[in-house]
There are 2 protein chains.
Amino acid sequence: MKNHEECKSHIPPIKDVLDLIGSKWKVDIIIALSCDIHRFNELERQIEGISPRMLSKELKDLELNRLIQRDEISPFSNTFKYSLTEHGWSLREVFRAMLTWGIDYRNKVMVKTN
Amino acid sequence: MKNHEECKSHIPPIKDVLDLIGSKWKVDIIIALSCDIHRFNELERQIEGISPRMLSKELKDLELNRLIQRDEISPFSNTFKYSLTEHGWSLREVFRAMLTWGIDYRNKVMVKTN
DNA sequence: CGGGATCCATCGAGATACTG
DNA sequence: CAGTATCTCGATGGATCCCG
């Protein structure tokens, strides 16, 4: 067992991850992007329940934090594609860990708070 | 690349994890518990800024979801210890993935939203 | 020691309508 | 097509005081 100072040093990077992907639609968006859905309207259709306002906001957050990038498909076309950056892709290992744990948890426990 | 239905099936278990550990103090509490801090007042002192109200609430959530357990230290002592259950401990692999990614992210990017 | 009860400010997020 | 602009409201969480 470690001393508490060392333990505490683990907290900020972990909270960074939660800040980056913890808001309501970030996981949906990242997974959709990883699944070859790239356009705003595609995302809006595929992510059930999201409003354009929230989609726009979440995309901006993700772009600001360099998890995704936004590129014009062809010059002056006014159509854009969103895609994961390398940082975004590297999140998959975190997702994999959460997925594995989450499935196991669902099988064994499943007492939801909400 | 997979079809989107398969992708989507990954979302709920991942969101479960975020629901379980995403609120403000959960990570702090779980890490403190994993670091041999077990008593209510110890937790309150070590987790800087938490109020007894929030500590109490978060502990109850975690207990309800079977990530921690609460045991009386000796009968009728009115002193309790909180500790991680097996499920709680198994979260460490998720934390490890987040920690690794988070440290890497801090080194390379660090544009915080807030 | 280990909490509970109340009150209150903030903020995340939904609904709806509109725009270049 | 790819977003903005308002308005609204419930949940989250802080502050403070109290209790057995």
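Protein chains get the first letters and strands the later ones, always in sequence-line order, with residue 1 at the start of each. The figures here come from the full heavy-atom set of this structure, side chains too, leaving out hydrogens, waters and symmetry mates.
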Taking all non-hydrogen atoms of both residues into account, name the closest pair between B/P13 and B/S9 and its distance. CD-O, 3.4 Å
CG on B/N78 to CD1 on B/I73, rounded to 0.5 Å: 10.5 Å
So do A/W101 and B/L20 actually touch side chain to side chain, heavy atoms under 4.5 Å? yes
Minimum heavy-atom distance B/A97-A/V94, with the two atoms named: O-CG2, 3.7 Å
The answer to which of B/L59 and A/E58 contacts DNA chain C further toward the 5' end, by nearest nucleotide, is B/L59
Under 3.5 Å, side chain of A/K15 to main-chain N/O of B/K24, donor-acceptor pair present? yes
First and last nucleotide of DNA chain D, 5' to 3', lying under 4.0 Å from heavy atoms of chain B: D/dG13 to D/dG20
Along DNA chain C (nearest heavy atom to each residue), the more 5'-positioned of B/R39 and A/K24: B/R39
Please determine whether residues A/I30 and A/W89 belong to a single hydrophobic cluster, defined as Ile, Leu, Val, Met, Phe, Trp and Tyr linked transitively by side-chain heavy-atom distances below 4.5 Å. yes
Roughly, in whole Å, what's the span from CD in B/E44 to P in C/dG2? 10 Å
Hey, which of A/I37, A/I31, A/D28 is the one that makes side chain to side chain contact (heavy atoms under 4.5 Å, CB included) with A/I47? A/D28
Given atom CG of B/N41 and atom P of C/dG3, what is their separation to the nearest angstrom? 9 Å
Which pairs, with at least one residue in residues 39-59 of chain B and sequence neighbours excluded, count as a salt bridge (charged side-chain N to carboxylate O under 4.0 Å, His left out)? B/K26-B/E58, B/K57-B/D61
Rounded interatomic separation in angstrom, taking CZ from B/R45 and C1' from C/dG3: 15 Å
In residues 68-75 of chain A, what residues come within less than 4.0 Å of DNA chain D, judged by heavy atoms? A/R70
Using a cut-off of 4.0 Å on non-hydrogen atoms, how would the nucleic acid contact of A/S23 be classed: base, sugar-phosphate, or nothing? sugar-phosphate
Taking only nitrogen or oxygen atoms into account, show me every contact under 3.5 Å that the protein makes with nucleotides 18-20 of chain C, one pair per line with its distance.
none

Scan the side chains in residues 79-86 of chain A for donor-acceptor partners under 3.5 Å anywhere in the protein, sequence neighbours excluded, and list what turns up.
unit_1	atom_1	unit_2	atom_2	d
A/T79	OG1	A/S77	OG	3.1
A/Y82	OH	A/R70	NE	3.3
A/T85	OG1	A/R66	O	2.6
A/T85	OG1	A/L67	O	3.1
A/T85	OG1	A/H87	N	3.3
A/T85	OG1	A/G88	N	3.1

Minimum side-chain heavy-atom gap B/R96-A/I14 below 4.5 Å: no
In whole angstroms, the gap separating C1' of C/dA13 from CD1 of A/I29 amounts to 13 Å
Specify the closest pair of heavy atoms between A/I29 and A/I50, including all atoms of both residues, with the distance to one decimal. CD1-CD1, 4.5 Å
Non-hydrogen atoms of A/Q69 and A/D71 that approach each other most closely: NE2-OD2, 3.3 Å
Check every strand shown and say whether B/K60 touches a base, only sugar-phosphate, or nothing at a heavy-atom separation below 4.0 Å. sugar-phosphate
Provide the closest heavy-atom pair for A/L43 versus A/H38 in the form atom of the first, atom of the second, distance. CD1-O, 4.4 Å
Within residues 48-57 of chain B, residues whose heavy atoms come under 4.0 Å of DNA chain D: B/R53, B/M54
